[in-house]
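Report on one structure; see the data block that follows.
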Number of protein chains: 2
Amino acid sequence: MGDEVKASKFIDNLKGKEPVFICTISNTMTAMVPGITVAGANPEMIKYTPPADVELVYHGECRCIPGVPATPDGKPTPAIITMSVLKRTEIPFFAVEAGCEVKPCAPHISLNIPDPGDNIQTGRAMDRTVVENGVESAKLIGKNFAELADYLVLGESLPGGTTTALGVLMGLGIDARGKVSSSMPKNPHEIKNRVVEEGMKAAGIQMGGLRDDPLGAIAILGDPMMVGVVGMALGAAPKVPVILAGGTQMAAVVALISRIKPNILGNVAIGTTKYIVEDRTSSIEWLIGQSADIPIFGADPGLGKSRKDGLRVFESGFVREGVGAGGATLTAMLKSEGEITTDIIRDEVEKNYEEVIESKLGKS
Amino acid sequence: MGDEVKASKFIDNLKGKEPVFICTISNTMTAMVPGITVAGANPEMIKYTPPADVELVYHGECRCIPGVPATPDGKPTPAIITMSVLKRTEIPFFAVEAGCEVKPCAPHISLNIPDPGDNIQTGRAMDRTVVENGVESAKLIGKNFAELADYLVLGESLPGGTTTALGVLMGLGIDARGKVSSSMPKNPHEIKNRVVEEGMKAAGIQMGGLRDDPLGAIAILGDPMMVGVVGMALGAAPKVPVILAGGTQMAAVVALISRIKPNILGNVAIGTTKYIVEDRTSSIEWLIGQSADIPIFGADPGLGKSRKDGLRVFESGFVREGVGAGGATLTAMLKSEGEITTDIIRDEVEKNYEEVIESKLGKS
């Protein structure tokens, strides 16, 4: 109940205000472990998912691949949701590129992270200096956007991101096994646990061993997306509210912030989809609760009632979240002060689904 | 007189409003023609000037070089002015990287322009597709910042930029020979004219031959900075005012806009230093007047009265402008509604000159 009061206060302050939506795109080679992700039609395509997501939001079509990013059985990227709601509500959008294998054919803010994160099974995900300089750069970006916007909404696109989140949470002392989310209805917890255990073993650390070294946790078991999102939150939240727009990956971000600058967490909330909040194969509430008492909003893009099979699946445990789809939905509702409803959002997403996905299938 | 009314109206609308300052950094190999620029301690250092300028503004020190960018005889980069005034007034700052040889050790927005502009003596400065895609990307950036800020201030750092400006102006049919500015008291007009003539000859065009092909003029005789600044202005000016923060290079930008979308020029002004406006070796007023009737503001950072020899030179014909120093000065005065005066700016610049430049000299 205390939480609900806090949450509604957080939200009331943002109604009608001017947000900026910033999506950080990254790769981690951890995504190449068989069975860990379906964020790509096949393993070769995974590296194109983050840049193609940004292209879809900016241009209304992908440029580095034909069609749109999809699972092996053709379920589309949640960027279709993000694109639809941001376009409808004219929310300004920027992409932060942090260690992508393929750069987007669209403008993007570079944090000078030259390579994707390594497979965390090695226990050496990133170079420590790259992490430190990247966080410094992202802080500057967050600080400068905080001068311009009333609040920041930080999304992400990173295939394999729940496994690196598990890694960082374990390193920081939060036993997140069985709690992180997945883009599949059958959450492959065992594979994720094994990968993280191997990474910890390779690095010679135990659970909680990186409790006092958050940037070390990123360098050993994390990914470049965390560098961008943590850095921007650190730069912006001292001045304006920050919504972390993502699923259980954001639990790692919150845990990291709680070890770096906990006092800013009063200005931070989670904005995700209701598909994540209601997911029984994971527990975002428990995960966040281990680090901080911050509001968690599960927005409903209404796709459970869609006329399109390819969109209804979001409610039945596929994809669930990504590219800040939930946070974008929430932000559209806030910016429009409720004028943009679930029904309107579903209509927009369906319209774009027809234009961007179905029309291309017809042609091919 | 009509102009003065228009100018004071333009300015009055911006007082106390929230700007964003965006500096586009680029290289053109044209800068390697002997005698064309002094924007680097020696020819090898020229490529470091644009990234080092951005580093100075973001970090208060350069990272890719020791010290700061300087002329061969040690006169410092005008970025020291930009850095001082933006810091003092907390104006948000972003860098756009467009064809730099060396990327800045600081966050930057990439327009996917992989290479510096070629020497325009070849008549092939840039790939046409790169120009078109770059303008499209820059438009998106301008449009999104226009949703966030009350107005945009667009600076540049590009050694050799007055020669490429001359090239584009000639291509568009404006006989700018003897009118573009220089970073030296003795303006090397003859070298610039020869370089442009050779480029036109190599491309098989005559003066005005690119009158109806502005993007072609960039591709043949221009540089990547123009891609960024023209694109951002095209994206932003339909919604908010845009101040082009630079010297005679911006005459090429205005000429290009006047051939692409002239109706937005009512929302565009030039903000430069009084050192450019009063320069007798060039004529920004005449150059701009060939394309449009827009306000030209020459702000005074007050360095003619500085205690520092290295700063007083700005008033005696050295450097004069760059990194949007004049536009930043103007913007600081506007944002503070006159509270930030010439005296305050001179004090700030002198303080930073001592900290960043003199203290390093003492140490070495």
Side-chain angles (χ1 to χ4, degrees), chain A residues 17-22 51 54-55 57-60 63-64 86 89-98 100 102-114 129-130 133-152 227-228 231-232 235-236 239 335, chain B residues 17-22 51 54-55 57-60 63-64 86 89-98 100 102-114 129-130 133-152 227-228 231-232 235-236 239 335:
Chain A
K17 297 286 178 67
E18 288 299 332
V20 61
F21 186 98
I22 308 171
V54 162
E55 292 164 3
V57 176
Y58 261 130
H59 303 303
R63 302 246 167 123
C64 65
L86 295 185
T89 47
E90 296 194 330
I91 292 170
F93 173 77
F94 291 85
V96 166
E97 186 272 312
C100 279
V102 178
K103 311 299 178 215
C105 299
H108 53 275
I109 299 170
S110 166
L111 302 179
N112 293 310
I113 300 179
T129 311
V130 170
N133 291 341
V135 168
E136 186 194 18
S137 278
K139 268 172 90 166
L140 286 168
I141 289 299
K143 184 169 176 288
N144 279 285
F145 274 116
E147 299 283 341
L148 288 169
D150 293 326
Y151 62 107
L152 270 63
V227 172
M232 284 190 282
K239 186 173 164 106
K335 187 182 173 188
Chain B
K17 297 287 179 64
E18 287 298 333
V20 60
F21 186 99
I22 309 170
V54 161
E55 293 165 3
V57 176
Y58 261 131
H59 303 304
R63 301 246 166 123
C64 65
L86 295 184
T89 47
E90 295 193 332
I91 292 170
F93 173 79
F94 291 86
V96 165
E97 186 273 310
C100 279
V102 178
K103 311 297 179 216
C105 298
H108 53 273
I109 300 171
S110 167
L111 302 179
N112 294 309
I113 300 179
T129 312
V130 169
N133 292 341
V135 167
E136 186 193 19
S137 279
K139 267 171 90 165
L140 287 167
I141 289 299
K143 184 170 177 286
N144 279 284
F145 274 117
E147 299 283 340
L148 289 169
D150 293 325
Y151 62 107
L152 271 62
V227 172
M232 284 190 282
K239 188 175 161 102
K335 187 183 173 189

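Pairing each heavy atom of B:Leu111 with each of A:Pro107, the nearest pair is CD2-CB, 4.5 Å. The two residues A:Ile109 and B:Ile109 have their closest heavy-atom pair at CG1-CG1, 3.6 Å.
Chosen from B:Ile91, B:Leu140, B:Val96, the residue pairing most often with chain A at heavy-atom distances under 4.5 Å is B:Leu140. Interface check for chain A: of the options B:Glu18, B:Glu90, B:His108, the most heavy-atom pairs under 4.5 Å are formed by B:His108. When B:His59, B:Glu97, B:Lys103 are compared by the number of non-hydrogen pairs under 4.5 Å with chain A, B:His59 comes out ahead.
For A:Ala106, the part lying near chain B is the backbone, with the side chain staying farther off; criterion is any non-hydrogen pair under 4.5 Å.
Interatomic distance, B:Leu148 CG to A:Asn144 CG, rounded to the nearest 0.5 Å: 12.0 Å.
Remark: B:Phe94 engages A:Phe145, B:Phe145 in a ring-ring contact (aromatic ring centres under 6.0 Å, His included) (not counting sequence neighbours).
Residue pairs meeting the salt bridge (charged side-chain N to carboxylate O under 4.0 Å, His left out) criterion with at least one member in residues 133-148 of chain A, sequence neighbours excluded: A:Glu136-B:Arg63, A:Glu147-A:Lys239.
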